[in-house]
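Right, one structure below, let's go through it.
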Amino acid sequence: MSVKYISTRGRAPALDFGDVLLAGLAADGGLYVPDRWPVLSPEALSGRPGRGDYADLATEVMWPFVDGAYPRARFDELVRDAYAGFDHPEVTPLVELGDGLWLMELFHGPTLAFKDIALQLVGRLFDEELTRRGEQVTIVGATSGDTGSAAIEAVRDRENIQIVILHPHGRISEVQRQQMTTVDSANVHNVAIEGTFDDCQDLVKAMFADSAFRAEQRLSAVNSINWARVMAQTVYYVAAATRPGLEQVSFSVPTGNFGNVLAGHVARQMGLAIDRFIVASNRNDILTQFFTTGSMAITEVHPTLSPSMDIQVSSNLERLLFELLDRDGIRTAETLEDFRQTGQMQIDYRISADLHREWCGVRVDDAETTSTIADLYRETGMVIDPHTAVGLAAARRIRRGSDGPIVVLATAHPAKFGDAVEAAIGECPPMPPALAELADRPERCERLPNDLSAVKAHVAHCSGHASQ
Ligand SMILES: *Cc1c(COP(=O)(O)O)cnc(C)c1O
């Protein structure tokens, strides 16, 4: 029997995979989760099913979540196509650092950050589902850097999708801008807003809040709460933990929205042998509080060297909370409603005591991030990015001599955060050819004032549904 999806807030109808894919958020404000955890097949647990490559493992691991939505051969084709563009044959290669520490490189996709692993597949699944329904959508999003380019690369040239990405004019790095604006595809529309990232986000929220506009323009999003993104990320946990020598492995995961590490939890729920998750945060340490004390309180967001983790409220934590509350949607909804109103949350001490066996939260500040990059470079000649450095510093702090191996998830290529790396090691990380070439390409971008009606008119123009 195929899996159905239920809301973490218990008041939305159960849906099939295709509906969940396009819906994103549930109608009651909750997030979708499978109604039960499928068990990993013996083939998946062998780590090398089929032809023994990443795509076959991915199909095997994800199949129970999508069974019924696609014929298996078609799903297999979409998965294979999604990972064909990665620049490493293993897709997510493991590198041994010594002392029981490993790095798993998740940055071999087209935009050199881990979001490609989920989005390259999700873009294809979206297009497939829209074709089946004979529908078209316009994806609208705001970016402070990484997410926008990963989303653009994921849906460029897809027939049924237009994508409009807002970024703050002059406030993202050259490389980040070029990764978006040099994409030469008719369905990709970049907008530089004369304002801040918050202004961009407010404009996007306002467009989604206008239900008439939203329906007329068929607005859609591919944000990190989308179940399909979590699903696609479970695969590399299986790839790592089934490798000989990495039995009972722990993972150290540099975390922002909690999507990456939650995927590891899902893999464990499916029967994968994992010891612990180290939830690594930068100075924005609300998750460290949660995993050490069982409580959390919202404060302001501080900018750090690892900007993709500069988040206060990690939306995917809701999925773990739902599990901790025995899948009681009503209690989950109450807890989150209360958190929203008071800015504080305290979970039952028994639940919190349980958490310590499998999770631990570690906070790493900018100084330690920099020294971690510098130390690794001095010891091994390897260069890592600041997000990965947060994960590595956390793993080193937690690891005691007797512990099992720890895999640190390397979430971005160092060249994407060249300034922070240069400050740590005194030189620029080598630029991969794919990034270096961008500087010579023509850029396409519309510059607009921070003005809702101007932006709406532009979105309508891009979507081909211009309002009267
Ligand atoms: C998005 C991102 C993260 C955080 O991932 P979450 O799933 O939000 O926890 C970490 N590192 C990099 C480089 C990212 O782009």
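Atoms within a ligand are numbered from 1 in the order they appear, just like the ligands themselves.
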How far apart are the closest heavy atoms of [X] and [Y], and which atoms are they?
X	Y	answer
Thr242	Val238	OG1-O, 2.6 Å
Ala263	Val230	CB-O, 3.5 Å
Leu287	Ser314	CD1-OG, 3.5 Å

Check ligand 1 against [X] and write out every atom of the ligand that is under 4.0 Å from a heavy-atom position of the residue.
X	value
Thr255	9 (O)
Asp146	13 (C), 15 (O)
Gly259	6 (P), 7 (O), 9 (O)
Phe258	6 (P), 8 (O), 9 (O)
Ala412	13 (C)

Q. Quick one: does Ser224 get a heavy atom under 4.0 Å from ligand 1?
A. no
Q | Identity of the nearest option to atom 7 (O) of ligand 1, non-hydrogen atoms only, from Asp116, Val253, Asn260 | A | Asn260
Q: Specify side chain, backbone, both or neither for Thr411, according to which of its non-hydrogen atoms lie closer than 4.0 Å to ligand 1.
A: both
**Q.** ligand 1 versus Phe114: contacting region, heavy-atom distance under 4.0 Å
**A.** side chain
(Q) Can you confirm whether more than 12 heavy atoms, excluding those of Arg441, are under 6.0 Å from its CZ atom? (A) yes
Looking at [atom], what's its closest protein heavy atom, distance included?
atom	result
atom 6 (P) of ligand 1	Asn257 N, 3.5 Å
atom 14 (C) of ligand 1	Lys115 NZ, 2.9 Å
atom 9 (O) of ligand 1	Gly256 N, 2.8 Å

